[in-house]
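Notes follow the structure.
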Amino acid sequence: MKSADQSILIVDDNPTNLKVLSEAITSEGFQVSVALDGESALEQMAYHQPALVLLDVMMPGIDGFETCRRMQANPIFQDIPVVFMTALSETEHKVKGLAVGAVDYITKPFQHEEVLARVKVHLRLRHLSQQLEVQNEVLKQFNETLEEKVEQRTAELQQAQIQLIQQEKLSSLGQMVAGVAHEINNPVNFIYGNVVPAQQYVEDLLSLVNLYRSQYPEPNSVIQSALEDLDFDFIAVDLPKLLNSMQVGADRIHDIVRSLRNFSRLDEAERKCVDLHEGIENTLMILSHRLKVQTTQPEIKLLREYGEIPKVVCFPGQLNQVVMNLLANAIDELESKRIAQPEIRIQTELAGADSVRIRIIDNGAGIPETIQQKIFNPFFTTKEVGKGTGLGLSISHQIVVGKHGGNLYCRSSLGQGTEFGIEIPIHQPESDSERLLSCGMRDSAA
């Protein structure tokens with residue numbers, strides 16, 4: 001990379017943090033500039049654009065989120081990658097940071113090695129993007145006889161960039177989901193495993209008290225007064241109900257954690273024989289909060305129309321990501337167009353003797369035909385700046401078509417909603433060493 005590509009702007013209101021981080025990054029050969037707040041950072045970028053910005057969230061004046069929004073709103077700064085640094089570790093803050101345009105999110109306290117590793121990754125991605133733009137300009141200068149080679153080379157470079165971004169984002173999402181599930185799992189298991197014996201202990205204690213009352217129906221005045229103050233009869237009725245509610249809540253959290261772990265499937269990089277309905281339900285569990293009534297949006301009605309389909313050999317984690325992208329896009333469409341009675345239908349069916357189909361259908365405003373022709377193109381998006389990368393459908397197409405040898409299609413009419421269909425083979429092409437992983441061989445062996 002050229003020296004200009006090595007310039008890093010660190011924005012943090014803590015001078016100690018600036019000093020320590022600046023020394024660590026400078027020692028790796030990077031050029032470092034610093035700012036104590038968002039306003040100063042924007043002023044610096046106006047006359048010297050960095051290759052990457054390490055941005056604190058909690059600062060005086062405008063915070064990191066607002067600083068990032070202003071960068072995204074300025075065409076000059078839009079392509080500068082922003083990595084947030086903050087002690088705010090909740091998932092909602094991470095999602096908010098990515099939503100306003102950041103490319104990564106580092107939680108304090110952090111290791112210098114981690115910061116340097118992520119800086120190098122995102123500088124590399126930016127360098128590839130700039131290299132792609134330069135090469136595109138060079139290729140445009142070739143004469144018409146070289147147009148076919150130009151298109152081929154551009155497609156190869158673009159696909160390489162998409163795969164890098166896809167791997168980074170899928171890895172980050174999977175690690176975040178798995179991390180959340182892991183952190184919740186231990187306390188939930190503690191509660192989940194102790195509610196039942198707690199119910200039994202309470203029942204035993206209440207039975208003992210009732211036995212005392214039956215044997216000594218007229219207690220002394222001190223005990224009688226205590227019983228009246230406690231309202232024992234109410235407690236005896238309400239406490240089992242309270243514990244039962246706790247059991248229901250623990251069951252619900254346990255199901256959510258299981259869905260999160262199944263959705264991330266970090267341990268399943270190879271093909272697996274899976275139930276597609278289970279993967280869809282895990283995804284719906286994660287998106288359930290977006291289907292409920294919102295301040296400006298009625299509840300989205302969800303219709304499941306599952307057919308009888310066999311288990312499928314696929315890459316389950318990546319296929320879950322496709323379903324997540326399509327459902328999230330449908331929800332975004334219904335919310336943005338303020339549909340009065342929003343509805344999403346999910347259908348599964350056989351698509352011939354050797355393939356299955358998942359159909360996701362909404363009753364939104366529909367997609368114009370001119371846009372339908374572009375929706376699978378990399379970086380094409382109709383969303384506002386900062387709300388969409390234009391990679392979701394492109395990556396989904398690559399996963400379904402390139403990875404699974406299937407088909408991903410869109411059918412839409414204005415005013416009549418949109419349907420996205422996923423068609424994948426039931427069995428993937430496999431070598432002799434992988435043959436025992438197929439659904440048929442596994443089922444027969446069982």
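Worth knowing before you read on, the calculation uses all heavy atoms, side chains too, and leaves out hydrogens, waters and symmetry mates.
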From CA spacing to verdict: side chain to side chain contact (heavy atoms under 4.5 Å, CB included), Val322, Val400: CA-CA 8 Å; Val322 173; Val400 174; 4.0 Å; yes

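- No side-chain donor from either of Tyr306 and Glu349 sits under 3.5 Å from a side-chain acceptor of the other.
- In this structure a side-chain-to-backbone donor-acceptor pair under 3.5 Å is missing from Ser355 to Pro425.
- Checking Ser207 against Asp204 by side-chain atom types alone, no donor-acceptor pair falls below 3.5 Å.
- For the atom pair CG of Leu408 and CD of Gln398, the computed distance is 11.5 Å after rounding to the nearest 0.5 Å.
- With hydrogens and angles ignored, the 3.5 Å screen pairs a side-chain donor or acceptor of His404 with a backbone N or O of Ile399.
- Closest approach of Gly64 and Leu55 over heavy atoms only: O-CD2, 3.3 Å.
- Judged purely by atom type and a 3.5 angstrom limit, Asn244 has no side-chain atom pairing as donor or acceptor with the backbone of Pro240.
- Evaluation of the ring-ring contact (aromatic ring centres under 6.0 Å, His included) test over residues 278-301, restricted to residues two or more places apart or in two chains, returns none.
- Figure legend: cation-pi geometry between Lys272 and Phe315 absent, as NZ or CZ is not positioned both under 6.0 Å from the six-membered ring centre and within 45° of its axis.
- In terms of heavy-atom proximity, Lys311 sits nearest to Cys273 at CB-SG, 3.6 Å.
- The shortest distance between side-chain heavy atoms of Met71 and Gln78 does not fall below 4.5 Å.
- No donor-acceptor distance shorter than 3.5 angstrom exists from the side chain of Ser40 to the backbone of Leu36, with no hydrogens or angles considered.
- Rounded to the nearest 0.5 Å, atoms CG (Leu211) and CD (Gln215) are 5.5 Å apart.
- Among residue pairs with one or both ends in residues 51-68, those qualifying as side-chain hydrogen bond (donor to acceptor under 3.5 Å, both in side chains) are Asp56-Lys108, Glu66-Arg69, Glu66-Arg70; sequence neighbours excluded.
- Using a 4.5 Å heavy-atom cutoff, the side chains of Gln347 and Ile361 are in contact.
- Asp362 contributes atom CG, which lies 9.5 Å from atom CD1 of Ile300 (distance to the nearest 0.5 angstrom).
- Between the side chain of Ser225 and the backbone N or O of Val222, no donor-acceptor pair lies under 3.5 Å.
- For Asn363 (side chain) and Gln341 (main-chain N/O), a donor-acceptor pair under 3.5 Å exists by modelled atom type.
- In summary, Arg359 and Glu419 engage in a salt bridge, as defined by a charged side-chain N under 4.0 Å from a carboxylate O.
- Side-chain contact check for Ile25 versus Ile10: some heavy-atom pair is nearer than 4.5 Å.
- In this structure a side-chain-to-backbone donor-acceptor pair under 3.5 Å is missing from Arg411 to Gly421.
- Formation of a donor-acceptor pair under 3.5 Å by the Gln372 side chain with backbone atoms of Ile367 is found in this model.
- Inter-residue side-chain proximity for Asn325 and Leu393 is flagged as unmet; no heavy-atom pair is nearer than 4.5 Å.
- The list of ring-ring contact (aromatic ring centres under 6.0 Å, His included) pairs with a residue in residues 60-85, not counting sequence neighbours, reads Phe65-Phe84.
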Trace of the side-chain hydrogen bond (donor to acceptor under 3.5 Å, both in side chains) decision for Asp104 with His122: CA-CA 9 Å; Asp104 208 342; His122 292 297; 3.0 Å; yes

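- Note: Ile344 CD1 to Glu333 CD = 10.5 Å, rounded to the nearest 0.5 Å.
- Contact of the Val103 side chain with the Val82 side chain is not registered, since no non-hydrogen atoms from C-beta on lie closer than 4.5 Å.
- Nearest heavy atoms, Val11 versus Gly38: CG1-N, 4.4 Å.
- Residues Asn14 and Leu18 form no side-chain contact, since every pair of their non-hydrogen atoms from C-beta on lies 4.5 Å or further apart.
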Met85/Leu21 under side chain to side chain contact (heavy atoms under 4.5 Å, CB included): CA gap, chis, key distance, verdict: CA-CA 11 Å; Met85 306 181 300; Leu21 197 53; 3.5 Å; yes

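- Between Lys96 and Glu92 there is no salt bridge, since none of the side-chain N atoms of the basic residue sits less than 4.0 Å from a carboxylate O of the acidic one.
- Looking at every heavy atom in both residues, Gly101 comes nearest to Gln72 through O-NE2, 3.7 Å.
- The CG atom of Asp37 sits 7.5 Å away from the CD1 atom of Ile62 when rounded to the nearest 0.5 Å.
- Arg126 places a side-chain N or O within donor-acceptor distance of the main-chain N or O of Asp79, the cut-off being under 3.5 Å.
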Verdict with supporting geometry, Val83 and Tyr105, side chain to side chain contact (heavy atoms under 4.5 Å, CB included): CA-CA 6 Å; Val83 178; Tyr105 200 107; over 6 Å; no

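- Formation of a donor-acceptor pair under 3.5 Å by the Thr26 side chain with backbone atoms of Glu23 is not found in this model.
- Of all the heavy atoms in Asn320 and Gly279, the pair that sits closest is OD1-CA, 3.6 Å.
- Under a 4.0 Å N-O distance rule, the pair Asp12/Lys19 does not qualify as a salt bridge.
- Contact of the Val119 side chain with the Leu52 side chain is registered, since non-hydrogen atoms from C-beta on lie closer than 4.5 Å.
- Contact annotation: the side chain of Gln297 approaches that of Pro342 to within less than 4.5 Å [non-hydrogen atoms, C-beta and beyond].
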CA sep, side-chain torsions, deciding dist, call: Tyr409, His397, side chain to side chain contact (heavy atoms under 4.5 Å, CB included): CA-CA 9 Å; Tyr409 66 82; His397 189 272; over 6 Å; no

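- With rounding to the nearest 0.5 Å, the separation of CD1 in Ile371 from CD1 in Ile375 is 9.5 Å.
- The shortest non-hydrogen separation linking Pro50 to Met45 is CD-CG, 3.6 Å.
- Side chain to side chain, Asn220 and Gln224 fail the donor-acceptor criterion of an N or O pair below 3.5 Å.
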